[in-house]
There are 2 protein chains.
Amino acid sequence: MQLSNTSKYTIRILAYMVNHKDKPLISAKELSENLNIPYKFLTKIMTELVSVGFIESIRGREGGYKFLKKASEITVSDILTLFNDSIKDEACILGIDFCDAKHKCALHDKWIKSKVQLQKMFRESTIESIAGEGSKI
Amino acid sequence: MQLSNTSKYTIRILAYMVNHKDKPLISAKELSENLNIPYKFLTKIMTELVSVGFIESIRGREGGYKFLKKASEITVSDILTLFNDSIKDEACILGIDFCDAKHKCALHDKWIKSKVQLQKMFRESTIESIAGEGSKI
DNA sequence: TTTAATTACTACTCTAAGGTAGAATTAACT
DNA sequence: AGTTAATTCTACCTTAGAGTAGTAATTAAA
């Protein structure tokens with residue numbers, strides 16, 4: 001019961017970029033070293049973030065990445081969805097098909113409460129809002 | 001962000017056993033067929049549950065499984081812990097080392113609230129309490 | 001005493017996530 | 001023009017979870 005490494009890395013990468021938005025571009029090298037994420041794995045993630053339009057890349061010497069979409073418009077929920085890591089609304093916590101209000105699994109009611117709160121939290125956490133504030137990345 | 005299949009299966013297995021506690025023993029075959037869990041995978045799980053003392057097995061013809069520990073004393077949290085699937089108290093949601101109240105990760109405060117509620121829910125959900133009530137298993 | 005039904009053990013296979021390697025491409029700097 | 005620092009592409013390796021296969025061990029019933 002935890003996030004995938006890819007999601008964790010992505011949240012930290014984007015938060016780092018917000019915290020350094022004074023720089024016009026941030027390189028993969030800088031991200032990898034400062035966030036302690038394997039370089040090759042990081043670049044793979046960055047390419048994906050570019051392809052979905054969250055960030056933009058400038059190739060070649062002095063190149064790097066910058067936001068294409070506003071950090072205030074990218075939520076943690078968006079990131080989890082991108083990497084198929086989100087809590088799907090229809091998915092039963094016990095893996096039962098067609099678990100709903102009429103035909104509940106054993107944990108249904110208790111889980112719903114926690115699930116709703118979690119989803120809300122992920123949706124309301126924009127990258128802009130969670131960065132800064134002297135938090136560790 | 002979901003439970004492992006092993007945890008899901010185990011919760012359903014034990015809930016089924018509570019719902020059929022009139023029978024002195026329940027076989028792997030019955031569990032596998034009624035819960036739609038692959039037979040060989042199920043027996044592997046059962047052996048593990050026996051080894052940690054949750055249930056007891058009777059081998060040979062007419063054999064099967066029964067509770068050793070009371071269903072009211074086995075919680076969902078116990079099951080998640082057994083299969084290394086629980087939300088560890090010290091583990092940071094972003095995977096940062098030494099993330100705590102003094103040195104918080106970007107999601108720390110928001111995550112803590114959800115985490116505490118989830119953990120409480122898992123701890124308070126005994127197998128006895130979630131079984132029955134006409135719920136699907 | 002044999003047979004059938006049962007759990008337990010050992011050893012695989014398959015898949016996806018996580019991670020690595022090397023070369024190709026791009027563009028600024030000298 | 002050549003060098004260098006950067007992203008991108010293609011392909012691979014490793015590991016853990018999920019699931020399968022075959023057989024041994026056990027025990028009640030026939």
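Labels below follow one simple rule: chain letters A, B, ... track the order of the sequence lines, proteins then strands, and each chain is numbered from 1.
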Using residues 81-92 of chain B as the side-chain source, report each donor-acceptor pair under 3.5 Å to any protein atom, sequence neighbours left out, with the distance given to one decimal.
from	atom 1	to	atom 2	distance (Å)
T81(B)	OG1	S77(B)	O	2.9
N84(B)	OD1	K88(B)	NZ	3.2
D85(B)	OD1	M1(A)	N	3.1
D85(B)	OD2	S4(B)	N	2.8
D85(B)	OD2	S4(B)	OG	2.9
D85(B)	OD2	S7(B)	OG	2.8

Sequence-aligned protein contact record of nucleotides 24-30 of chain C, with B where the base is within under 4.0 Å of a protein heavy atom and S where only the sugar-phosphate is:
-BBBB--

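Counting only distance, with no hydrogens or angles, the side chain of S51(B) and the backbone of E48(B) share a donor-acceptor pair below 3.5 Å.
Taken residue by residue, residues 20-32 of chain B places heavy atoms nearer than 4.0 Å to DNA chain C at S27(B), A28(B).
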Between the protein and nucleotides 15-18 of chain C, are there any N/O to N/O pairs under 3.5 Å, and if so, what are the atom names and distances?
from	atom 1	to	atom 2	distance (Å)
dG18(C)	OP1	N5(A)	N	2.8
dG18(C)	OP2	T6(A)	OG1	2.9

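In this model, a donor atom of one side chain and an acceptor atom of the other lie less than 3.5 Å apart for K8(B) and Q2(B). No hydrogens or angles considered: nothing links the side chains of Y39(B) and E33(B) as a donor-acceptor pair under 3.5 Å.
Each of I26(B), N34(B), L35(B) was evaluated against I13(B); a single residue qualifies, L35(B), per the side chain to side chain contact (heavy atoms under 4.5 Å, CB included) test.
Every residue two or more places apart in sequence or in another chain was checked for a ring pair (Phe, Tyr, Trp, His ring centres under 6.0 Å) with H103(A), and none qualifies. With sequence neighbours left out, the ring pair (Phe, Tyr, Trp, His ring centres under 6.0 Å) criterion links F41(B) to Y9(B).
Using a 4.0 Å heavy-atom distance criterion, S57(B) is classed as a sugar-phosphate-only contact. Within 4.0 Å of Y65(A), counting heavy atoms only, lie sugar-phosphate atoms of the nucleic acid but no base atom.
Here K21(B) pairs with E128(B) in a salt bridge; the nearest charged N to carboxylate O distance falls below 4.0 Å.
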